[in-house]
Enquirer: 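Please see the structure below; I have some questions.
Order of listing sets the numbers, starting from 1, for every ligand and every atom in it.
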Amino acid sequence: MHPLLTALEGTLIVSCQAYPGEPMRDPRTMAQVSAAVASGGASAVRAQGLEDIRAVAAAVDVPVIGIWKDGAEGVFITPTLEHCRAVIAAGADILALDGTRRPRPDGLSFAQTVAALREDGFTGPIMADCDSVPAALAAAEAGADIIGTTLAGYTGERARTDGPDLALLGELAGRLPDSAVLVAEGRVHTPAQAAAAREAGAFAVVVGTAITHPTTITGWFREAVAGA
Ligand SMILES: CC(=O)N[C@H](C=O)[C@@H](O)[C@H](O)[C@H](O)COP(=O)(O)O
């Protein structure tokens, strides 16, 4: 296991992202939200976009997982080697990128991308945002340090479960090489679901929307109130 990851076992990681056009889409806001979740005990923060990564890294002492979303279809989470290099240059401690088996815009495979980054001298952990068992196993084989369930339910490989994809976690638990850890990410909306993800085999759990996206959380409550 990568040494930086030892401290993350059994912890909560919080994803702090605002989407294009939203009121909170401002690196200063995301830095403040990141500092707030770090105060609450988040062991690491996941940030999107080069400006946010710079601002968040300056605002928190915990490791920053950096991604760069470019586009909204196909491979869009840190889709190319150049995106990866830019995320690292922006100050991410951990690099996350698409870890599916879909063709990448620059024509490189996931394995080639990881190899090029190691060739560059990047020594931090690399997180693969995966969508299926085969993708996860291939990404771990290619040298990913963290296997995330981030894209399960978003690519057509698996049905979109209501909460986290506990079945996928269960299928992967115990099947990854010792070099990689399994992280639950995606639709963890309640503390009970976070605990269930751990019980299903997750090394750590990432929560985004349910902690840092007030518009969505407001919608949940609005619907509950209106339906009562
Ligand atoms: C599919 C995709 O694009 N996921 C993104 C990856 O960074 C984010 O939009 C999610 O908020 C993040 O994965 C955390 O998940 P949740 O917000 O469900 O707790």
Enquirer: May I ask you to check whether Thr80 and Glu82 show a side-chain donor-acceptor distance below 3.5 Å?
Expert: no

Enquirer: Short question: side chain of Gln48, backbone of Lys69 - any donor-acceptor pair under 3.5 Å?
Expert: yes

Enquirer: Does the Asp106 side chain pair with the main chain of Leu108, one donor and one acceptor, at a distance under 3.5 Å?
Expert: yes

Enquirer: According to the interplanar angle, ranging from 0 to 90°, do the rings of His213 and Tyr19 count as parallel (below 30°), tilted (30 to 60°) or perpendicular (above 60°)?
Expert: perpendicular

Enquirer: With no hydrogens and no angle check, just 3.5 Å: does a side-chain donor-acceptor pair link Arg187 and Thr161?
Expert: yes

Enquirer: Roughly how far, to the nearest 0.5 Å, is the CD1 atom of Ile65 from the CD1 atom of Ile67?
Expert: 9.5 Å

Enquirer: Present, as a list of atom pairs with distances to 0.1 Å, all nitrogen or oxygen contacts under 3.5 Å between ligand 1 and the protein.
Expert:
| from | atom 1 | to | atom 2 | distance (Å) |
| --- | --- | --- | --- | --- |
| ligand 1 | 7 (O) | Gln17 | NE2 | 2.9 |
| ligand 1 | 7 (O) | Arg46 | NE | 3.3 |
| ligand 1 | 7 (O) | Arg46 | NH2 | 2.9 |
| ligand 1 | 9 (O) | Tyr19 | OH | 2.7 |
| ligand 1 | 9 (O) | Lys69 | NZ | 2.9 |
| ligand 1 | 11 (O) | Tyr19 | OH | 3.2 |
| ligand 1 | 13 (O) | Glu185 | OE2 | 2.5 |
| ligand 1 | 17 (O) | Thr209 | N | 2.9 |
| ligand 1 | 17 (O) | Thr209 | OG1 | 2.4 |
| ligand 1 | 18 (O) | Arg187 | N | 2.7 |
| ligand 1 | 19 (O) | Gly208 | N | 2.9 |

